[in-house]
Amino acid sequence: MATLRETFDRLIDEGKLQHDPAQEAVLPEFDRIREALLTPVKKGLFRKPPEPPKGLYLWGGVGRGKSMLMDLFVEHMQDVPTRRVHFHAFMQEIHTAMHEARKRGVDDAIAPVAADVVDKVRLLAFDEMQITDITDAMIVGRLFEALFAGGVTIVTTSNRLPDALYKDGLNRDLFLPFIELIKARMVVHELTSPTDYRQDRLAGSPSYFTPINSDTRAEMNAIWSDLTGGKAEPLTLQVKGREVVIPRFHNAMARARFHDLCGQPLGAADYLALADAVRLLMLDDIPQMGRSNFNEAKRFVTLIDALYEARVRLICSAAAKPEMLYLEGEGTFEFERTASRLQEMQAEGWGDLPAS
Ligand SMILES: Nc1ncnc2c1ncn2[C@@H]1O[C@H](COP(=O)(O)OP(=O)(O)O)[C@@H](O)[C@H]1O
Ligand SMILES: [Mg+2]
């Protein structure tokens with residue numbers, strides 16, 4: 001099977017990828033890890049298993065192609081037990097598993113939970129590592145320690161350099177050993193490409209489709225399939241012990257219908273968790289609202305506030321222009337701000353954040 005380098009060259013030849021020296025500079029790192037993991041392990045009673053290769057921490061601004069490169073890498077792993085998962089989703093699973101272990105009376109829940117991961121995979125590929133939550137910050141050090149000790153290789157993408165992880169977080173000094181561990185067990189590489197391909201792809205394309213009909217539906221579908229290549233799966237967010245399922249998710253982009261998010265008893269915490277997990281949301285079928293659905297209107301205000309604060313890129317289809325969505329009922333005054341935010345979020349370049 002081809003190396004990443006070979007596949008990358010082919011994709012450029014076929015016009016599917018643009019030539020990008022910064023991206024190409026990372027390929028040898030991926031191929032190094034791939035080659036080490038594909039080398040058959042010689043078994044022998046007294047033979048120590050070989051040291052796993054150093055992983056890769058690939059960081060840089062949004063839309064530079066980090067996730068694309070990681071996906072390409074994962075597709076080249078042949079039969080190496082590999083798991084590609086959004087970091088956020090992985091940590092939610094870990095917390096759930098630790099909770100279960102504690103219920104069974106296990107004191108040190110990290111050990112069995114990590115052992116379970118070690119049993120299943122040799123390579124973990126995390127997309128979008130970010131640590132904003134103290135419950136994550138306080139366990140990742142020991143968790144990764146156990147994963148590395150078990151011979152797992154980790155590659156990850158991130159918008160921040162390791163030293164900026166969990167910046168200004170509570171009890172950050174307890175978190176610092178984790179940063180050292182990353183530097184010791186992973187090659188830290190900055191993807192310096194000057195091109196934001198995602199912004200390029202969306203440039204000039206409208207982000208607010210109205211009215212709702214078969215044409216606008218088709219346009220929404222075309223954007224979604226262009227952005228995700230048809231790959232998507234549900235994302236489960238754990239919010240205050242509840243589960244909130246976002247129907248479609250891929251590479252930090254989500255798609256849902258208005259009814260999924262605003263027609264259900266969800267609130268600020270749920271929308272903040274969503275805004276935290278995605279960079280782009282496609283929201284279908286925003287209806288015109290009135291007195292009878294002021295609850296939906298109120299939730300929509302909260303949702304847009306959360307997305308706006310987190311500078312999540314929004315692409316939506318709606319029954320009417322923002323200022324015509326909610327004209328009578330409780331909270332129409334507050335809705336004016338939402339309408340204005342919806343306008344602002346349509347502007348070219350909105351949500352295009354530099355690496356922080
Ligand atoms: N060299 C390239 N040529 C063409 N499209 C690219 C290239 N690199 C990335 N893209 C596309 O740009 C978009 C953003 O890339 P992505 O990997 O999601 O960025 P990041 O993870 O760094 O935010 C994706 O649709 C991706 O397929
Ligand atoms: Mg990405």
Side-chain angles (χ1 to χ4, degrees), residues 4-30 56-76 84-91 124-132 154-161 164-165 188-205 207 220-233 235 246 248-255 274-282 310-313 315 349-356:
L4 256 76
R5 176 79 248 186
E6 288 160 351
T7 303
F8 199 91
D9 289 343
R10 178 174 56 77
L11 292 172
I12 289 178
D13 283 348
E14 292 171 359
K16 290 183 181 143
L17 285 180
Q18 271 167 246
H19 171 67
D20 183 322
Q23 290 181 351
E24 286 160 48
V26 199
L27 300 175
E29 286 299 335
F30 280 122
L56 178 65
Y57 183 104
L58 183 63
W59 72 280
V62 298
R64 265 54 185 181
K66 300 182 297 295
S67 303
M68 180 276 291
L69 289 168
M70 200 172 74
D71 286 344
L72 200 64
F73 170 62
V74 167
E75 283 165 19
H76 281 71
R84 182 222 192 271
V85 57
H86 194 255
F87 185 69
H88 193 74
F90 180 77
M91 289 309 293
L124 274 174
F126 293 131
D127 198 21
E128 299 240 316
M129 177 185 287
Q130 54 167 334
I131 290 156
T132 46
I154 298 178
V155 301
T156 188
T157 74
S158 175
N159 290 319
R160 291 166 174 252
L161 78 168
L165 285 172
V188 176
H189 186 108
E190 181 182 2
L191 186 58
T192 52
S193 171
T195 314
D196 179 345
Y197 292 98
R198 185 174 302 140
Q199 209 66 26
D200 275 10
R201 272 192 177 211
L202 292 169
S205 81
S207 53
M220 290 284 282
N221 288 340
I223 293 176
W224 179 249
S225 71
D226 180 47
L227 288 172
T228 60
K231 287 180 247 171
E233 49 187 34
L235 171 72
I246 307 301
R248 289 191 267 181
F249 176 84
H250 178 74
N251 189 9
M253 298 178 284
R255 186 170 182 189
L274 171 64
D276 197 38
V278 305
R279 303 204 155 274
L280 179 146
L281 174 70
M282 289 192 73
R311 292 195 75 83
V312 171
R313 172 97 189 201
I315 298 173
W350 199 93
D352 180 22
L353 267 189
S356 49

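One-based numbering, in listed order, for ligands and for the atoms of each.
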(request) Applying side chain to side chain contact (heavy atoms under 4.5 Å, CB included), run through Glu190 and Leu161 and close with a yes or a no. (result) CA-CA 8 Å; Glu190 181 182 2; Leu161 78 168; over 6 Å; no
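- Residue Gln130 comes nearest to Leu165 through the heavy atom pair CA-CD2, 4.4 Å, listed as atom of the first residue, atom of the second, then distance.
- When all heavy atoms are compared, the tightest approach of Leu58 to Lys66 is O-CD, 3.8 Å.
- Ligand 1 has a nitrogen or oxygen under 3.5 angstrom from a nitrogen or oxygen of Gly65.
- Contact detail for Leu191 and Gly65: the closest heavy-atom pair is CD2-C, 4.0 Å.
- In plain terms, the two heavy atoms of Ile223 and Ile315 that are nearest each other are CG2-CD1, 4.1 Å.
- When only non-hydrogen protein atoms are considered, atom 21 (O) of ligand 1 lies nearest to Ser67 OG, 2.8 Å.
- The protein heavy-atom contact nearest to atom 23 (O) of ligand 1 is Gly63 N, 2.7 Å.
- Every atom of ligand 1 is numbered from 1 in the order shown, and the set under 4.0 Å from a heavy atom of Val62 is 23 (O).
- The protein non-hydrogen atom at the shortest distance from atom 4 (C) of ligand 1 is Gln18 N, 3.6 Å.
- Near Arg64, meaning under 4.0 Å from any of its heavy atoms, are these atoms of ligand 1: 19 (O), 20 (P), 22 (O).
- Residue Thr157 places every heavy atom at 4.0 Å or more from ligand 1.
- Atom 11 (C) of ligand 1 has as its closest protein heavy atom Tyr197 CB, 3.7 Å.
- Numbered from 1 in the order shown, with element, the atoms of ligand 1 that lie under 4.0 Å from a heavy atom of Met68 read 7 (C), 8 (N), 9 (C), 17 (O), 27 (O).
- The shortest N or O to N or O distance between Lys16 and ligand 1 is not below 3.5 Å.
- The heavy-atom pair separating Leu235 from Ala89 by the smallest distance is CD1-CB, 4.1 Å.
- At a 3.5 angstrom cut-off on N or O pairs, Lys66 counts as close to ligand 1.
- Residue Gln23 approaches ligand 1 through these ligand atoms, each under 4.0 Å from one of its heavy atoms: 1 (N), 2 (C), 7 (C), 8 (N), 9 (C).
- Atom CE of Met253 and atom OG of Ser67 lie 8.0 Å apart (nearest 0.5 Å).
- Shortest non-hydrogen contact noted between His86 and Ala277 is CE1-O, 3.7 Å.
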(request) Please assess Arg255 against Asn221 for the test side-chain hydrogen bond (donor to acceptor under 3.5 Å, both in side chains), listing each intermediate value before the final yes or no. (result) CA-CA 10 Å; Arg255 186 170 182 189; Asn221 288 340; 2.9 Å; yes
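- With a cut-off of 2.8 Å, the Mg ion (ligand 2) has no N, O or S atom of Met68 in range.
- Within the 3.5 Å criterion, the main-chain N or O of Phe126 finds a donor-acceptor partner in the side chain of Thr156.
- Here Asn251 has side-chain heavy atoms under 4.0 Å from ligand 1, and that is the only part of it that gets that close.
- The protein reaches atom 6 (C) of ligand 1 closely, with a heavy atom under 4.0 angstrom from it.
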